[in-house]
Protein chains: 2
Amino acid sequence: MARSMHVRRPATLASLAAELGVSRTTVSNAYNRPDQLSPELRRRVLETARRLGYPGPDPVARSLRTRKAGAVGLLLTENLSYAFRDPAAIGFLEGLALACEDAGTGLLLVPANPEREDVAAVHRAGVDGFVVYSVPDDDPHLAAVLERPVPTVVCDQPDLGNVDRVGIDDQAAMHALAQHLISLGHRRVGVVCMRLARDRNDDFVTPERQQAAHFHVQRARLAGLAQAFASVGVDWATVPVAERFDHTMASGAAAAAQVLERDPQITALICTSDILALGALGEVRRRGMRVPADITVTGFDGIREAEQAGLTTVRQPVMEKGRAAGKLLLDSAERTRPRAVTLSTELVLGSTAASPRGTAEERWFGP
Amino acid sequence: MARSMHVRRPATLASLAAELGVSRTTVSNAYNRPDQLSPELRRRVLETARRLGYPGPDPVARSLRTRKAGAVGLLLTENLSYAFRDPAAIGFLEGLALACEDAGTGLLLVPANPEREDVAAVHRAGVDGFVVYSVPDDDPHLAAVLERPVPTVVCDQPDLGNVDRVGIDDQAAMHALAQHLISLGHRRVGVVCMRLARDRNDDFVTPERQQAAHFHVQRARLAGLAQAFASVGVDWATVPVAERFDHTMASGAAAAAQVLERDPQITALICTSDILALGALGEVRRRGMRVPADITVTGFDGIREAEQAGLTTVRQPVMEKGRAAGKLLLDSAERTRPRAVTLSTELVLGSTAASPRGTAEERWFGP
DNA sequence: CTGAAAGCGCTAACAA
DNA sequence: TTGTTAGCGCTTTCAG
């Protein structure tokens, strides 16, 4: 069917009504309440609409009137496109998208560039609620979201007092991983972690910075480690913890190198994400070390790539997190007090962790 | 002040203006045109706003007034969550997200479930334009989008006459791949392709169905194959072409099995996507065939997993497609006539294609 | 089953 | 610099 070449006269519901000689209500009903008018009249309305090129009720005007946007906003701290590079973020998105789809709701990715402090996009977003995924607790975008008078669900955040949240017990999960390493005999370890705050610090981290970290998830994981190792007499202040701003395998590799340079005697390299761990894995092998014979490497997240690499890690249900966040937000009808969903995690015993070799003899003759 | 209300009616720009004893314009200006009023007055406005809990101008009302939503809609044929499983789709999304981010625009994922014919979500989407990614040409959601009076860019679609589009030359790319196989000596081949229409047909495909395929991309790829092989005397009607509705490795494996059952003599299995090819690869190996010694397997797309598997395939710039689509849409200020962007592809010679046994003299064609 | 009236909350000429 | 005036396009009681 050829489309007419005429300039689209922006037909409105009112002009249609005028053309038909009926009231606006009737036209509105033709679209929204078919049972409120005779089939015959409805047919006439719809057919005249087509003839006039009336595209149906304007969604924005309808939203204004009904106070419903039919979409939820997703705020990510990273560049919008980052979400599509990190497998964990993709999993979260998938789960959230699933929940939205079930509810017939749109999902609006809000462009919140962490570099600029431009919060306007948050204000401009026509949504019925927000999901905030893993942003620093001092992020201005988060503050802007919390000021919007719509329900919000935060993910991987500390208790904000007033909003629903979903997450895992990062501290306990990491503590369990640490216990595992401790039981294997590791005492001298190094750590590679993701960014702890909005400023770039591709270097070692002081204990103060660890405790003051603005990324709840990273803070909790480091706390879990510190607690576990301190409990067996390790002075956590002496443990090299290397931070990286960019969450890439290259960063993981560089941080691993930095840690190994600082203390070549470590028997385990604990990474706070699988991506970093995969990078670290590459780096230690590049240096001729065997894993786990010469050094143990661990991750966190349980992404597929990690599984393929046989990484010892903690698996968390990223997709479920997204879905739970969506459900929480879309159910918020019955919301009375803030709700919190904590999902469970699982220690994955891969092939990258083993007991450290204490002696040269052991090194020669193997297990 | 004698305000003893307990239920605070959500403050509006008007109520703020009243409270301050200024006009609504002034308040509006305080937010949108700071240079249009004295800093002092602006400070007062903003501060009173905070006190009253006024969250700033309502985005929907603003959109209605300015006729700008600040977002573009993305229509995918698959379940919303599907987009996060297919690497090619993720790449496209990443590119599109990048373009949106550059423009400070939101990206709304429209829930368009292909099962239901529920087009309402398209009508409900408050967006300034649409990007339509790889949907069948008879998809009602696509029709609904085209009826909306906003600019639209389609991706991987035939020429719709009136809208911008971006894509690759699928037919030429597949033709080139076919030529490569032909020069290696392949004449007896089988094909595995993605769904060709909205109805499920997990079976062989007739030539008619091939030509009438509603998915432009698949139709073009099959046409490229048919043309190349016909030109060397192969009767395309005798070539087994197995279609699969679901785009998964499992589907690829099943389709490969079906083709091999039909004609165990084929020397090459040509798949119209990498995902299918990876599944086919698994299946032929499961059957004890070596690749490429016993059989050649090829894909299409050039996703990372394919590269890792050494698949012979066609690489297309999926991320660039997304970015180009976004740019086209967001530039549509200067749009006069429909524009089309065709990106280039590259034949990737992996390790899964070689001459069929018995035609050793063709091996000079090289690595 | 249909219509009249009353906004939803905001912005943008244009005046003052 | 500030205010006045008109809507943006639609939905929704509430009467008839």
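Numbers restart at 1 for each chain; the letters A, B, ... are given by sequence-line order, proteins then strands. FYI, side chains are in, hydrogens and waters are out, and symmetry mates aren't considered; it's all heavy atoms of this structure.
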Engineer: Between A:G56 and B:P39, name the one whose nearest nucleotide on DNA chain D is closer to the 5' end.
Structural biologist: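 Looking at the nearest nucleotide for each, B:P39 comes out on the 5' side.
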
Engineer: For the helix from C:dC1-D:dG16 to C:dA16-D:dT1, what angle lies between the axis at the first five pairs and the axis at the last five pairs, to 10 degrees?
Structural biologist: 30°

Engineer: Using whole Å, what does the distance between atom P of nucleotide C:dC1 and atom CZ of A:R44 come to?
Structural biologist: 15 Å

Engineer: Looking at residues 58-73 of chain A, who's got a heavy atom less than 4.0 Å off DNA chain C?
Structural biologist: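 Residues of residues 58-73 of chain A under 4.0 Å from DNA chain C: A:L64, A:R65, A:R67.
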
Engineer: Roughly how many Å is it from CG in B:D35 to P in D:dT2, rounded to a whole number?
Structural biologist: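 After rounding, the reported distance stands at 12 Å.
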
Engineer: Looking at every strand, decide which applies to B:Y54 at a 4.0 Å heavy-atom threshold: base, sugar-phosphate, or nothing.
Structural biologist: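 The answer is sugar-phosphate, as B:Y54 gets under 4.0 Å only of primed atoms, P, OP1 or OP2.
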
Engineer: How long is the line joining CZ of A:R42 and C1' of C:dT2, in whole Å?
Structural biologist: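 The distance from CZ of A:R42 to C1' of C:dT2 comes to 16 Å, rounded to the nearest Å.
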
Engineer: Does this structure show an ion pair linking B:D58 with A:R67, if we count only N-O contacts that are shorter than 4.0 Å?
Structural biologist: yes

Engineer: Does B:R165 pair with B:D159 as a salt bridge, N-O distance under 4.0 Å?
Structural biologist: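 Here B:R165 pairs with B:D159 in a salt bridge, since their nearest N and O are under 4.0 Å apart.
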
Engineer: Taking ring pair (Phe, Tyr, Trp, His ring centres under 6.0 Å) as the cut-off, I'd like each qualifying pair that reaches into residues 32-64 of chain B, sequence neighbours left out, listed once.
Structural biologist: B:Y31-B:Y54

Engineer: Can you tell me how far C1' of D:dT1 sits from CD of B:E40, to the nearest Å?
Structural biologist: 14 Å

Engineer: Assuming nearest nucleotide by heavy-atom distance, tell me which of B:Q36 and A:R33 is located more 5' along DNA chain D.
Structural biologist: B:Q36

Engineer: Grab the NE2-P distance between B:H123 and D:dC10 for me, whole Å please.
Structural biologist: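 Interatomic distance, NE2 of B:H123 to P of D:dC10: 13 Å.
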
Engineer: Table please: side-chain donor-acceptor pairs of residues 39-49 of chain B below 3.5 Å, with sequence neighbours left out.
Structural biologist:
residue, atom, partner, partner atom, Å
B:R42, NE, B:A30, O, 2.6
B:R42, NH2, B:A30, O, 3.3
B:T48, OG1, B:R44, O, 2.8

Engineer: What is the distance, to the nearest angstrom, from the CG atom on A:N29 to the C1' atom on C:dC1?
Structural biologist: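 So the CG-C1' distance, A:N29 to C:dC1, works out to 9 Å.
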
Engineer: Check each residue of residues 13-26 of chain A for a non-hydrogen atom within less than 4.0 Å of any atom in DNA chain C, then write out the ones that pass by number, or none.
Structural biologist: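 Per residue number, the list reads A:V22, A:S23, A:R24, A:T25, A:T26.
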
Engineer: Closest approach to the side chain of B:P57, judged atom by atom: which nucleotide of D:dT2, D:dC10, C:dT11 is it?
Structural biologist: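 Selected nucleotide (nearest to the side chain): C:dT11.
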
Engineer: Using whole Å, report how far CG of B:L37 lies from P of D:dG3.
Structural biologist: 10 Å

Engineer: List for me each residue that meets salt bridge (charged side-chain N to carboxylate O under 4.0 Å, His left out) alongside B:R62, sequence neighbours excluded, and say none if there are none.
Structural biologist: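 None.
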
Engineer: Count the heavy atoms belonging to other residues, nucleotides or ligands that lie under 6.0 Å from CZ of A:R124, then report whether that count exceeds 12.
Structural biologist: no

Engineer: Expressed in angstrom and rounded to an integer, what is the separation of B:N32 atom CG from C:dC10 atom P?
Structural biologist: 10 Å

